[in-house]
Amino acid sequence: MKEQIQPSTVRVFIALAPPDDAKEELARELRPAYAAYPRMRWNRIEDWHITLAFLGELPVSAVPLLRPPLGELAAASPPVELALHGSGHFDERVLWSGLEGDLEGLHRLTGEVRRAVRECGIAFEDRPLRPHLTLARARRDDPHSVVKAAGELAAFTGRRWQARRLHLVGSNIGRGPGPIHYRDIEAWDLRRR
């Protein structure tokens, strides 16, 4: 029996995830786009998330440092009420759905998450938060599908929901030419109001 070698690094981010019914509502709205743009690389619905901090490639040994401060932060932070709303694209390559609702609370939580990460001594690129949920990516030879799909989804407004869990996510599964798959390393309930 061949021994499986464990990777020494893991790609990590911290995120919120819409509840299943909010994701299913958006997926129903996307059905025409799935059919019209089959060459786009559609993200799996179970992987849809709102990234608060992308930490990039970390040594596996750094991940346990994040658990206590993120758990404490989640226990002290109230849920954030959001809704999926509209759509757009980055560089005609990435299709996304936007967010509305308590964006001030979302930015505050993001700032606290990033501060906790820095206090762990983990360096990362601290880009401004552009609240969105990535839906699909265009192939290099298809520069028009993302723009068309974004236009077709622009009027979408989903129901309101509360983000109630903070997720520490790893994406070391599926590396290579195939789709990226995410998995929770750990998740914590946000404080009950």
Side-chain angles (χ1 to χ4, degrees), residues 11 13-54 74 77-114 127-169 171 173-174 178-184 187-190 193:
R11 186 166 293 160
F13 60 90
I14 300 160
L16 301 175
D20 289 345
D21 57 347
K23 291 190 289 188
E24 289 163 5
E25 180 182 39
L26 178 56
R28 282 191 301 275
E29 188 76 16
L30 283 170
R31 280 186 191 138
Y34 291 149
Y37 311 108
R39 292 195 62 238
M40 285 178 44
R41 293 177 308 200
W42 292 95
N43 290 4
R44 300 177 328 148
I45 187 172
E46 58 267 31
D47 290 337
W48 287 354
H49 63 274
I50 298 122
T51 301
L52 305 182
F54 180 74
S77 300
V80 181
E81 186 172 284
L82 300 168
L84 298 170
H85 174 74
S87 67
H89 57 85
F90 297 130
D91 300 327
E92 299 180 352
R93 295 276 321 231
V94 177
L95 174 67
W96 50 261
S97 177
L99 295 165
E100 66 177 11
D102 185 8
L103 297 181
E104 184 178 313
L106 179 63
H107 280 276
R108 188 172 37 254
L109 179 60
T110 298
E112 292 169 4
V113 162
R114 292 176 181 193
R127 296 180 180 162
L129 177 67
R130 294 171 68 178
H132 71 281
L133 185 144
T134 300
L135 301 172
R137 288 173 177 74
R139 298 185 187 279
R140 294 195 189 285
D141 63 348
D142 182 16
H144 306 292
S145 294
V146 165
V147 175
K148 290 177 187 173
E152 293 163 8
L153 192 61
F156 174 74
T157 297
R159 67 167 194 80
R160 290 196 174 258
W161 45 272
Q162 288 195 336
R164 298 181 178 274
R165 301 197 82 195
L166 184 65
H167 300 263
L168 178 62
V169 183
S171 63
I173 299 171
I180 296 170
H181 294 221
Y182 304 117
R183 64 172 173 80
D184 273 359
W188 302 270
D189 290 335
L190 296 174
R193 292 192 185 263

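No experiment lies behind these values; they were computed from the predicted model shown.
Listed for the N43 side chain is a donor-acceptor partner under 3.5 Å among the backbone atoms of T134. A donor-acceptor pair under 3.5 Å is formed between the side chain of D102 and the backbone N or O of G105. Distance alone, capped at 3.5 Å, is enough to place a donor-acceptor pair between the S97 side chain and the G86 backbone. In terms of modelled atom types and a separation under 3.5 Å, the side chain of R93 and the main chain of R137 share no donor-acceptor contact. Between the side chain of H132 and the main chain of R130, a donor-acceptor pair closer than 3.5 Å is present.
Of all non-hydrogen atoms in L106 and P131, the two that sit nearest each other are CD2-CB, 3.7 Å. Of all heavy-atom pairs spanning P79 and Q162, the tightest one is CB-OE1, 3.9 Å. Here the closest non-hydrogen pair linking L190 and P78 is CD1-O, 3.9 Å. Between G158 and A83 the shortest heavy-atom distance is O-CB, 3.7 Å. The shortest non-hydrogen separation linking L84 to A22 is CD1-O, 4.0 Å. Here the closest non-hydrogen pair linking S87 and A149 is OG-O, 4.5 Å.
Taking CG of D20 as the start and CD1 of I45 as the end, the distance is 7.5 Å to the nearest 0.5 Å. Remark: E112 CD to H107 NE2 distance equals 13.5 Å, nearest 0.5 Å. In this structure, E46 CD and R183 CZ are separated by 15.5 Å, a value rounded to the nearest 0.5 Å. Here the straight-line distance linking atom CD of E24 with atom CG of L30 works out to 13.0 Å at 0.5 Å rounding.
With contacts defined as side-chain heavy-atom distances shorter than 4.5 Å, the pair L52/R114 does not qualify. With contacts defined as side-chain heavy-atom distances shorter than 4.5 Å, the pair P18/I50 qualifies. Counting heavy atoms from C-beta on, the side chains of H49 and V169 never come closer than 4.5 Å. Contact of the F90 side chain with the V146 side chain is not registered, since no non-hydrogen atoms from C-beta on lie closer than 4.5 Å. Side-chain atoms of L16 and L166, non-hydrogen and from C-beta on, do get closer than 4.5 Å to each other. Looking only at side-chain heavy atoms (C-beta outward), L82 and L103 come within less than 4.5 Å of each other. Side-chain atoms of T157 and E100, non-hydrogen and from C-beta on, do get closer than 4.5 Å to each other. Proximity of L26 to W48: side-chain heavy atoms (C-beta onward) are separated by under 4.5 Å at one or more points.
Taking the six-membered ring where the residue is Trp, the centroids of Y182 and H167 are separated by 6.0 Å or more.
Of the charged side-chain nitrogens involved, none lies within less than 4.0 Å of a carboxylate oxygen, so that E152 and K148 do not count as a salt-bridged pair. The residues R44 and D47 are annotated as salt-bridged, a charged nitrogen and a carboxylate oxygen being separated by less than 4.0 angstrom.
The salt bridge (Lys or Arg N to Asp or Glu O under 4.0 Å) test applied to R140 returns no partner, not counting sequence neighbours. The salt bridge (Lys or Arg N to Asp or Glu O under 4.0 Å) test applied to D21 returns R159, not counting sequence neighbours. With sequence neighbours excluded, the residues satisfying salt bridge (Lys or Arg N to Asp or Glu O under 4.0 Å) with R165 are D189. The side-chain hydrogen bond (donor to acceptor under 3.5 Å, both in side chains) search around W188 returns E186, not counting sequence neighbours.
Within the structure, ring pair (Phe, Tyr, Trp, His ring centres under 6.0 Å) pairs that include any residue of residues 136-164 do not occur (at least two apart or interchain). Under the salt bridge (charged side-chain N to carboxylate O under 4.0 Å, His left out) criterion, the residue pairs touching residues 27-43 are R39-D141, with sequence neighbours excluded.
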**Request:** Begin from the C-alpha positions of E92 and V147 and carry the test side chain to side chain contact (heavy atoms under 4.5 Å, CB included) through to its verdict.
**Result:** CA-CA 6 Å; E92 299 180 352; V147 175; 3.6 Å; yes
